[in-house]
Amino acid sequence: MEQKWQANWETKGIYSFDNDDSKKPVYFIDTPPPFPTGEFHMGGVLNWSYIDFSARFHRMRGYNVLFPQGWDCHGFPTEVKVEKKHGRNLSRAEFREKCLEWTHDVVSTMKTQMRQMAFSIDWNYEYYTINPEYYKVVQYSLLKMFEQKLVYHAQHPVLWCPTCASAITKAETEETQRETVFNYLKFECASAVDGVLLIATTRPELLHACVAVFVHPSDARYSALVGKTAVTPLYNKEVPIVADVDVDKEFGTGVVMVCTFGDKSDVVWTYRHKLSVIEAMDGRGRLKNSGLYDGIAGHSAKLKIIEDLQQKGFVEKQEKLVQTVKLHDRCKKPIELLNSLQWFIKLKGVEDKVKQAASSMEWYPEHAYQLLADWADGLEWDWCISRQRVFGIPLPFWYCDCCGEVLLPSVESLPVDPAKDKPPVEKCSCGGAFVGEKSICDGWVDSSITPLFVAGWPFDQKKFEHLYPAAVRPQGTDIIRTWAFYTILRCIVLVGAPPFKQVLVNGMVCGEKDGKKMSKSLGNYVEAKDVVARSSVDALRQWAALSGSTGKDNIFYWKDVLFAQGFLNKLWNASKFVEKATVGAADCRPDKLRLSDEWILSKYERLVKKTTDSLRAYDFYSALTSIHSFTWHDLCDNYLEDVKYRVYGDDVDSKQAAQWTLRRVLEGVLRLLAPFAPYSTEEIYSQLYSKGESIHSCKWPDAEEEYLNDGVEKIVGALHEVLSAVRKYKATNALALSEELSSATVIAPETTLKELADVEEEMRNVGRIKTVLFKAKEEGELEVQLSV
RNA sequence: GGGCCCGUAGUCGAUCGGUUAAGACGCCUGUCUCACACACAGGAGAUGCGGAGUUCGAUUCUCCGCGGGCCCACCA
């Protein structure tokens, strides 16, 4: 039935946002724009299921829901794919064209999967970060931030990926442990005891960029050397010996060489002590300024230099050392620090405003906020936003090749591509020429304005006021430090108000066999389409809710999916019963209800309240398990059994009361379940209730507290205790359940017996007991004596 | 080294201080009972990681261990 309903919903357009409706409150979801990889994986299933549960719930609650869908298209992986397919010899324009082609191909497969998952996206609000209108808004945002002096152009050491030949940021790095060689090198030093200073290093290939040697100020071994000089092996360069408290006395020999730049502390020391900068390598990781070794890259350079050092007797000894190395998260290759002219967004001084805005939001779960706060507290450098790649949004800047003066395009001319467009002004006032920036934006520059873009900023003020801020930002816990952080930052500086009111965080999906984050390389990977093929979309969606509380990592268990599928089967069969049992039933409420009817109505009322409260708090687990438990146990195990004799019997009043109750409760359950299982509920609803409307256009069940009835819950609860005893008796005595018992004696305190007298008829009929006797006792539990 | 999350039956996973600690999967025993054997009726299975404290009372709060996971710092 999945295809049938999917087509039906799309034809009816039941998920469309009504931009002109001013009566309904707006619920705008700042949906993640995924990177088009060609496959909608389980992480996406979890993320979008959460979003869709919330979207459907709010839609039914009377909100005007805006569920847009974007595509964050720029990025290295696409370039890599295109390079693989078409080689490296394409022109810039041709290359971009191929990237677009590839993107549209994979987006279309992902869209098919998302449609099948029944995500209630309004595709009229689909956007692509590769479209000119998106370029325009991103470039506009950079011009604004440049005017606010929050974007600047500067020479600065940046994290650099030699493999990708581009600047990257800390957020794009990951770490790995590896074993390396720790080389103890002999530096000539006239002031040292035997004329030699031993320095241990893992990076001998950077020796030519060594500008100083550092020791700890209180290190007695070397205090006499501070202010003197040492001579680098191989290059014979005289460098100063400097004291700094950040030197670790215990590590290596307690002497460290500073090269520009081996790691972050080199950068710190270089600036702190105003050391000169020698650029050790080029953008591809090949040595430069070394003389002999220029042009040799990375590992081969290291080997060659060690060989030469050994030959000339400069290596005292070598040790194995386990070292943590930073990798580029896209290509998994080691990164370097490189001095480079780049564009930056200022973070210093803004991070507190970001924290403040974030703390004013509701986070689900609450502690997820801490991840953002910790990240903000640990920030050290500004955000390098320029990338030396092709497939991305061009940075909208020209700069003077002589004085560095930055030239901006006019707003009307956006989007621009300074790499090929003529500058708006030919010559700089200093006489120099303006050159167009060739770098493109970091992908997070694109995606950090999603709530602004969807809301029509800055060109549609009316729409913007209507939509901004978004009600909720759903996203994975892994990108809090990037997507959430950058979005809040950019939005508060651009429009002065936080971008969303709530943040809904989902955990990572992990594999069943090892509990680790699902990945193809670990072999713990399950494809969504295989799950759907073996069960159903509705079952897979329910897994998202069943796999644990909101925000924590979710292990994919087949048992959850299979249970959900079993539940759907149960619901289907219960519906079949209700359908048969209520043929020809009137829709109006009968005057008199039986106690069992009142019992299930009271239980149902509690369910409505529980489900509503849970969904408002984004607690999908509680919401769905409550529905499951009510449907399976209260409705099917108890109530359906209670009413069988009535709907098959001749007492018209009793029959009508049961029929009305059955229909009312089942319909309520279907509505409560509709956000989780859109296909099954729609199918059943269409067969039993619909006059043409979709269940997804229906109202969420109202709380009707007059149906709450503690007294009746207690009485019928006691009735069910008796019936349970009857079933147990029949089971242990190998009697058929349909077998009639001659008598049952219920022994209980007087007050309980009085109440049970009201359900005596039900007791006899449901339990198939000829005579029921009541016997009073002082106090204690209810007992039942039975005989054939 | 700092921060955050977590540690409940074979497996998963609720219970935001109070009677016999949900529920699911799995396991055992019955039953084809007219919605459902993809079911029903029963049953076994947890000293709630260890220790201390707060409290009349702790699985639930605090602290200290131990053990996992994530993030950050360090990593010459």
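The model shown is predicted, which means the values in this text are computed figures rather than measured ones. Letters go in sequence order (proteins before strands), and every chain restarts at 1.
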**Study point:** Nearest-Å distance for atom pair CD/P, residues A:E366 and B:rC5
**Key:** 10 Å
Point to revise | C1'-based separation of B:rA73 from B:rG3 [nearest Å] | key: 11 Å
Check your understanding: At under 4.0 Å between heavy atoms, what does A:T202 touch on the DNA or RNA strands: base, sugar-phosphate, or nothing?
Key -> sugar-phosphate
Study note, to complete from the structure: Residue set satisfying ring pair (Phe, Tyr, Trp, His ring centres under 6.0 Å) with A:W381, at least two apart, ordered chain then number -> none
Check your understanding: A:D263 near the nucleic acid: base, sugar-phosphate alone, or nothing, with a heavy-atom cut-off under 4.0 Å?
Key -> sugar-phosphate
Practice item. Please state the C1' separation for the pair B:rG18 and B:rC64 - nearest whole angstrom. Key: 27 Å
Check your understanding: When the C1' atoms of B:rG30 and B:rU8 are considered, how many whole Å apart are they?
Key -> 31 Å
Revision key, fill the gap. The residue, A:M257 or A:H367, whose nearest nucleotide of RNA chain B is more 5′ is A:H367
Would you mind writing out the side-chain donor-acceptor pairs for residues 554-562 of chain A within the sub-3.5 Å range, not counting sequence neighbours?
residue, atom, partner, partner atom, Å
A:N554, ND2, A:S547, OG, 2.5

Point to revise | For A:D329, side-chain hydrogen bond (donor to acceptor under 3.5 Å, both in side chains) partners two or more places apart | key: none
Point to revise | C1'-based separation of B:rG45 from B:rC4 [nearest Å] | key: 35 Å
Study note, to complete from the structure: Side-chain contact check for A:F577: nearest option of B:rA22, B:rA35, B:rA24 is B:rA35
Practice item. Tell me what A:F563 touches on the nucleic acid: a base, only sugar-phosphate, or nothing, going by heavy atoms under 4.0 Å. Key: sugar-phosphate
Exercise for review: Determine the contact category for A:A736: base if any of its heavy atoms lies under 4.0 Å from a base atom, sugar-phosphate if only primed atoms, P, OP1 or OP2 are that close, otherwise nothing.
Suggested key: nothing
Revision key, fill the gap. Side-chain atoms of A:Q323 come closest, of B:rA76, B:rA24, B:rC36, to B:rA76
Check your understanding: Reckon A:K644 has a side-chain N or O less than 4.0 Å from the OP1 or OP2 of B:rA35?
Key -> yes
Review point. So what does A:T201 hit on the nucleic acid, given a heavy-atom distance under 4.0 Å: a base, only sugar-phosphate, or nothing?
Key: sugar-phosphate
**Study point:** Nearest to side-chain heavy atoms of A:Q370, which nucleotide of B:rG3, B:rA35, B:rA24
**Key:** B:rG3
Check your understanding: Reckon A:W558 touches a base, only the sugar-phosphate, or nothing at all at heavy-atom distances under 4.0 Å?
Key -> nothing
Check your understanding: Just checking A:V247: base, sugar-phosphate only, or nothing, at a heavy-atom cut-off of under 4.0 Å?
Key -> base
Practice item. Can you tell me the distance, in whole Å, between the CG atom of A:L635 and the P atom of B:rA39? Key: 16 Å
Practice item. Would you indicate, yes or no, if B:rA14 has its OP1 or OP2 atom less than 4.0 angstrom from a side-chain nitrogen or oxygen of A:S549? Key: yes
Check your understanding: Any ion pair linking A:K348 and A:E351 (charged N to carboxylate O, less than 4.0 Å)?
Key -> yes
Exercise for review: Could you work out the separation of B:rG26 and B:rA21 based on their P atoms and round it to a whole Å?
Suggested key: 25 Å
Atom pairs, N/O to N/O, protein against nucleotides 40-45 of chain B, distance under 3.5 Å?
residue, atom, partner, partner atom, Å
B:rC40, OP1, A:K570, NZ, 2.8
B:rC40, OP1, A:W632, NE1, 2.5
B:rG42, OP1, A:S724, OG, 2.9
B:rG43, OP1, A:K728, NZ, 3.1

Point to revise | Residues that A:S738 engages under side chain to side chain contact (heavy atoms under 4.5 Å, CB included), provided they are two or more places apart | key: A:A736, A:R768
Point to revise | A:E740/A:R764 ion pair, N-O < 4.0 Å | key: no
Practice item. Taking atom P in both B:rU59 and B:rG42, compute the distance separating them and give it to the nearest angstrom. Key: 30 Å
**Study point:** Results of side-chain hydrogen bond (donor to acceptor under 3.5 Å, both in side chains) for A:Q659 - residues two or more places apart only
**Key:** none
Review point. Say you pick atom C1' in B:rG50 and the same atom in B:rG43; how far apart are they, in whole Å?
Key: 33 Å
Review point. When you compare B:rA35 with B:rG69, how far apart are their C1' atoms, in angstrom units rounded to a whole number?
Key: 45 Å
Check your understanding: Is A:K552 near enough to B:rG69 that one of its side-chain N or O atoms lies under 4.0 angstrom from OP1 or OP2?
Key -> no
Point to revise | A:E188 bridged to A:K186 by N-O distance under 4.0 Å | key: no
Practice item. Have a look at A:K249 and say if it touches a base, only the backbone sugar-phosphate, or nothing, with a 4.0 Å heavy-atom cut-off. Key: nothing
